[in-house]
Amino acid sequence: MLEAGMDLFSGLPYAAVHMDAVAAAAGVAKPTLYRYFATKEALFIDGLAWTLADLRDAIGAIAATDAPARLRAAVGLVLERIGALSPALTAIEGRGAEFGERSRRVLREGFDGLRDALAGLLRDGVAAGELHVPDIDLAVLMILGGIRMAVHGTGRRPPASAAVADFFLHGLGAPPAPPHGAKR
C-alpha cells in the first residue's frame, strides 16, 4: 500500500491522488486501506518515512567500485526520489500545523539516516584515498541541502544528477588551463 501510494504521489500532483486510486493500485479494498491509513495525509507521511528508509538502504547497497562513482549514484538516487516527491512535500507542509510538523519530523529523521549513509560513503572514499573531504559532516549537509534546494526550493526543473555530483566532486575550482598554444 505504501509503495502504491508513493508511486502515485511521485507521479501526480498531491491533490490529484485519491484514496480510491491508491487502493486500486495496491490491489486492496478501500476499507482495508483506511484500516491502516485514516487519511491521505497519514498515508503520505508514513510513505515518506518508508521512502527515506528505503533510500538510505539503497545508498548503502550501491555496488560501484570507487567512491566517486558511488557518490554519483547516491546523488542520483536522492535527487530522483526526493525530486519526484517535491510537489507532494510542498503540498503536505501547507496542509496545517499537525501534518506540517509530522512531515517535518519524518523528514528530519529520514534525512538523519541519509546523512549517516552518505557520511559512510565519504569516509570510505577518504580512507581509500579517492576523496578529499576535510569535514565530512559539513560535506553531507551541503550535499543534502543542495539536493533539497535543487528540487524543492528553486521553482525550476531539477538539474541532472551528473551535474550535481560533478559540482560536489570538483567544487568551484577552475578547470586546468590548456597547455600554452593549445586551443581552448
Side-chain angles (χ1 to χ4, degrees), residues 1-12 14 17 22 25-26 43-90 92-93 103-154 156-176:
M1 290 183 283
L2 288 173
E3 184 175 3
M6 296 315 283
D7 284 347
L8 290 171
F9 286 121
S10 292
L12 297 170
Y14 183 82
V17 176
V22 175
L43 170 67
F44 178 76
I45 291 169
D46 286 355
L48 180 60
W50 173 78
T51 298
L52 291 170
D54 184 60
L55 184 53
R56 177 202 62 225
D57 294 344
I59 290 170
I62 292 171
T65 57
D66 61 68
R70 288 180 65 212
L71 181 61
R72 284 180 192 286
V75 166
L77 285 171
V78 175
L79 190 62
E80 174 189 326
R81 293 192 191 171
I82 300 301
L85 291 174
S86 182
L89 286 168
T90 300
I92 196 75
E93 288 174 349
S103 69
R104 284 186 289 279
R105 181 179 39 80
V106 165
L107 279 170
R108 275 192 307 274
E109 292 168 0
F111 271 77
D112 284 347
L114 294 180
R115 273 197 302 272
D116 292 345
L118 287 169
L121 187 153
L122 294 177
R123 273 194 286 289
D124 291 348
V126 168
E130 298 171 329
L131 297 174
H132 173 72
V133 184
D135 186 333
I136 288 176
D137 292 332
L138 178 60
V140 169
L141 288 174
M142 292 178 75
I143 290 169
L144 289 174
I147 290 171
R148 179 102 192 260
M149 286 303 297
V151 300
H152 193 62
T154 63
R156 64 181 199 152
R157 203 172 125 241
S161 62
V164 175
D166 282 343
F167 178 80
F168 289 112
L169 286 168
H170 304 296
L172 298 173

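Values reported hereafter were calculated over all heavy atoms of this structure, with side chains retained and with hydrogens, waters and symmetry mates removed. If you're wondering where the values come from, they're calculated on a predicted model, not measured in any experiment.
For the pair Leu43/Met6, no side-chain contact is recorded, criterion being any heavy-atom separation below 4.5 Å from C-beta on. Inter-residue side-chain proximity for Arg123 and Ile136 is flagged as met; some heavy-atom pair is nearer than 4.5 Å. Taking the side chain as every heavy atom from C-beta outward, Phe111 and Ile82 approach each other to under 4.5 Å. Between Ile143 and Val78 the shortest side-chain heavy-atom distance does not fall below 4.5 Å. Considering only heavy atoms from C-beta on, Arg81 stays 4.5 Å or farther from Leu85 through its side chain.
The CG atom of Leu107 sits 9.5 Å away from atom CG of Leu114, with the distance rounded to the nearest 0.5 Å. Within the model, atoms CG of Asp54 and CH2 of Trp50 stand 5.5 Å from one another, a figure rounded to the nearest 0.5 Å. From Glu109, atom CD reaches atom CG of Leu52 across 10.0 Å, with rounding to the nearest 0.5 Å. Taken to the nearest 0.5 Å, the CG atom of Leu118 stands 13.5 Å off from the CE atom of Met142.
Of all non-hydrogen atoms in Ile59 and Ala117, the two that sit nearest each other are CG2-CB, 3.7 Å. Contact detail for Ala4 and Val22: the closest heavy-atom pair is CB-O, 4.2 Å. Contact between Leu121 and Ala74 at its shortest, heavy atoms only, is CD1-CB, 4.0 Å. Contact record, Gly125 with Ala67: CA-CB, 3.4 Å, taken as the closest heavy-atom pair. Of all the heavy atoms in Val133 and Ala139, the pair that sits closest is CG1-CB, 3.6 Å.
Around CD of Glu3, the count of heavy atoms belonging to other residues, nucleotides or ligands within 6.0 Å does not exceed 12.
Of the possible donor and acceptor atoms, none in the side chain of Glu130 sits under 3.5 Å from a partner among the backbone N and O of Asp66.
Between Phe9 and Tyr14, the ring planes are parallel. Angles under 30° get that label, and only those over 60° would be called perpendicular.
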Open item on the list: Under the criterion side-chain contact (heavy atoms from CB on, under 4.5 Å), I'd like the reasoning laid out for Arg72 against Leu169: C-alpha separation, chi angles, the key distance, then a yes or no.
Closed with: CA-CA 9 Å; Arg72 284 180 192 286; Leu169 286 168; 3.8 Å; yes
